There are 2 protein chains.
Amino acid sequence: MSKRHPPVPPAAAPSPAAIAPAETRVDNAVRAITDYIHGQGLKVDDSLPSEARFAEWLGVSRTVIREAFKSLSAIRIIEMRAGRRARVGGFDGSVIALSLTHALRTEQISPQQMWDARRAVERRTVALAASRRSDAEAAHLLALVEQMRDARHDLARMTEHDIAFHVAIANATRNPLFPVLVASLTSAMRETNPMVWRHRRDDEARLDVVRVHEDIARAIAAGDPDAACAALDKHFDLAAQALLTAGFS
Amino acid sequence: MSKRHPPVPPAAAPSPAAIAPAETRVDNAVRAITDYIHGQGLKVDDSLPSEARFAEWLGVSRTVIREAFKSLSAIRIIEMRAGRRARVGGFDGSVIALSLTHALRTEQISPQQMWDARRAVERRTVALAASRRSDAEAAHLLALVEQMRDARHDLARMTEHDIAFHVAIANATRNPLFPVLVASLTSAMRETNPMVWRHRRDDEARLDVVRVHEDIARAIAAGDPDAACAALDKHFDLAAQALLTAGFS
DNA sequence: AGGATAAAACTTGTATGATAGGTTGAATCA
DNA sequence: TGATTCAACCTATCATACAAGTTTTATCCT
């Protein structure tokens, strides 16, 4: 077993670090920056030091810091804009929505599974909304239902009103996490909804959809959590059935 | 109103585009790349063209493509590693967890609100788990409870077992979205848990925590959804009470 | 002094060119 | 056939430069 060239020691049993994808300088920078934000107790809209400053502190090129910033910007931990220093970003569901959309597109989760997660979350939002909603919110929900009824032949508008309706319910819970989750889960399905809707040709079928929403709104307006849950279940059963009809396995 | 130097037309009423932060070339690249992935119907682990190729196609520098790649990599839509071409990324909850952690750290949502979202999701996971769990999963859950009991004086281990327990329940639902959501919501609270745990000094208080988990596991093992939900509610009530004791508003 | 305004200083966005080091597959050798 | 080597390719990082957007400072006019 004579080696001519021993440039590489006999493949020294793959180091444990070789399994995890080696830490890059950008990764370190990302951590350093998040640590900075956390360490300094920065809050939304507070501004960060410039890229150049971080580069100097960490002893890396601005390229590295830029890519780290871009990473953080992608998950909305910071906000970047030309000329201005980066600021700490606000929490919105867009990242979650992107992640879920990607999971759907690449068939890592099915529309049914997404719907089921929505059901889990919304079972709670309707119940909470029924007990916490203000009168204005109740009125708003009923108004949104009317808008859905008017828009039932315009898929785009219908979809927007639908999302607005479910998010409005989530808003009434007074827990900002719920609207974010509902919006994310809902908007991730913007691409599968059209296929389902296409199978509801006749007006009656579309009015059925409007009606289940109306029932939910009424139950919330009446302050009846149980009725709201029941109505929500009807909503989701209808959706599940429609998915099957549309041919989703 | 005479202008000496008219280098700028009278501030022509802020264009609508001026409100939204100007689109950058990186943004365009991000869209182009996601469109490419979607358009080509790429699935997890499929590999993308090189940065240089995209740069050529889009007529921009490699810098721009790199930052676009890094953005997509941050939300796990693609995976990058030195030497290898980028691949389409798998769906895991890390992005959601990061987003939620940031929201908590910057006090955009409170621990209570996070717990309430968990309750919403887990109400469903325990019910589904109770009706769908395999015998192996039931045994695993009970084993995890024992590990929690053993580890009740080691916060770090306790936390990991706790997360593993709730994720294991979510896994038994056969819906991959649930473990992701539960893991995200749970791990986002790694930082607030210690403060709560510190207020459970005596062994009895800690055993109470173990016991509520045991009740959940038993109900799931018994295939009783209602009992599982009831046990879960006890779990969350205990947590809510502990949060108050620990001084969270 | 006060307030509008222009200039300077700073910051991010993008481009170019280089190099080091990781990955892959084809050619090669035992 | 199977292990090895090597060349081609690709990403990670750096240094430098410049355009364009923002903020701060200095300036000027009233």
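Predicted model only: the values in this text are computed from it and were never measured.
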- Do we see a donor-acceptor contact under 3.5 Å between the side chains of B:Thr173 and B:Asn175? no
- Task: Using heavy atoms and a sub-4.0 Å distance, could you list which residues of residues 44-60 of chain B are near DNA chain D? By number, please.
- Result: B:Ser50, B:Glu51
Take atom [atom1] of [X] and atom [atom2] of [N], then tell me their distance rounded to the nearest Å.
X	N	atom1	atom2	value
B:Arg25	C:dT14	CZ	C1'	7 Å
A:Ile65	D:dA12	CD1	C1'	14 Å
A:Phe69	C:dT12	CZ	P	7 Å
B:Glu23	D:dA20	CD	P	18 Å
A:Lys70	C:dT12	NZ	C1'	9 Å

Please report, to 0.1 Å, the donor-acceptor pairs under 3.5 Å made by any side chain of residues 56-68 of chain B, with sequence neighbours excluded.
| unit_1 | atom_1 | unit_2 | atom_2 | d |
| --- | --- | --- | --- | --- |
| B:Ser61 | OG | B:Thr63 | N | 3.3 |
| B:Arg62 | NE | B:Glu51 | OE1 | 2.9 |
| B:Arg62 | NH2 | B:Glu51 | OE1 | 3.2 |
| B:Arg66 | NE | A:Glu67 | OE2 | 2.6 |
| B:Arg66 | NH1 | B:Glu51 | OE2 | 2.8 |
| B:Arg66 | NH2 | A:Glu67 | OE1 | 3.2 |
| B:Glu67 | OE1 | A:Arg66 | NH2 | 3.2 |
| B:Glu67 | OE2 | A:Arg66 | NE | 2.6 |

- Query: With respect to the phosphate group of D:dT11, does any side-chain polar atom (N or O) of B:Arg66 fall under 4.0 Å of OP1 or OP2?
  - Reply: no
- Establish, with yes or no, whether the OP1 or OP2 oxygen of D:dA12 is under 4.0 angstrom from a side-chain nitrogen or oxygen of A:Thr63. no
- Letter by letter from the 5' end, nucleotides 18-23 of chain C scores (B base, S sugar-phosphate only, - none; protein heavy atoms under 4.0 Å) B---BS
- Should B:Asp135 and B:Arg133 be marked as a salt bridge (charged side-chain N to carboxylate O under 4.0 Å, His left out) after you check the CA-CA gap, both sets of side-chain angles, and the distance that decides it? CA-CA 7 Å; B:Asp135 289 343; B:Arg133 97 285 182 288; 3.4 Å; yes
- List in chain and number order the residues that pass ring pair (Phe, Tyr, Trp, His ring centres under 6.0 Å) with B:Phe69, two or more places apart in sequence or in another chain; answer none if no residue qualifies. B:Phe54
- Set of residues satisfying ring pair (Phe, Tyr, Trp, His ring centres under 6.0 Å) with respect to A:His102, sequence neighbours excluded: none
- Query: Looking at A:Asp150 and A:Arg157, does any basic side-chain N land under 4.0 Å from a carboxylate oxygen?
  - Reply: no
- Query: For B:Arg174, does the CZ atom have more than 12 heavy-atom neighbours from other residues, nucleotides or ligands under 6.0 Å away?
  - Reply: yes
- Just wondering, are more than 12 heavy atoms of other shown residues or ligands nearer than 6.0 Å to CZ in B:Arg132? yes
- Output every pair passing salt bridge (Lys or Arg N to Asp or Glu O under 4.0 Å) with a member in residues 34-49 of chain B, not counting sequence neighbours, ordered by first then second residue. A:Glu107-B:Lys43
- Task: Side chain of A:Glu67 only, please: which of C:dT16, C:dG13, D:dT13 is the nearest?
- Result: D:dT13
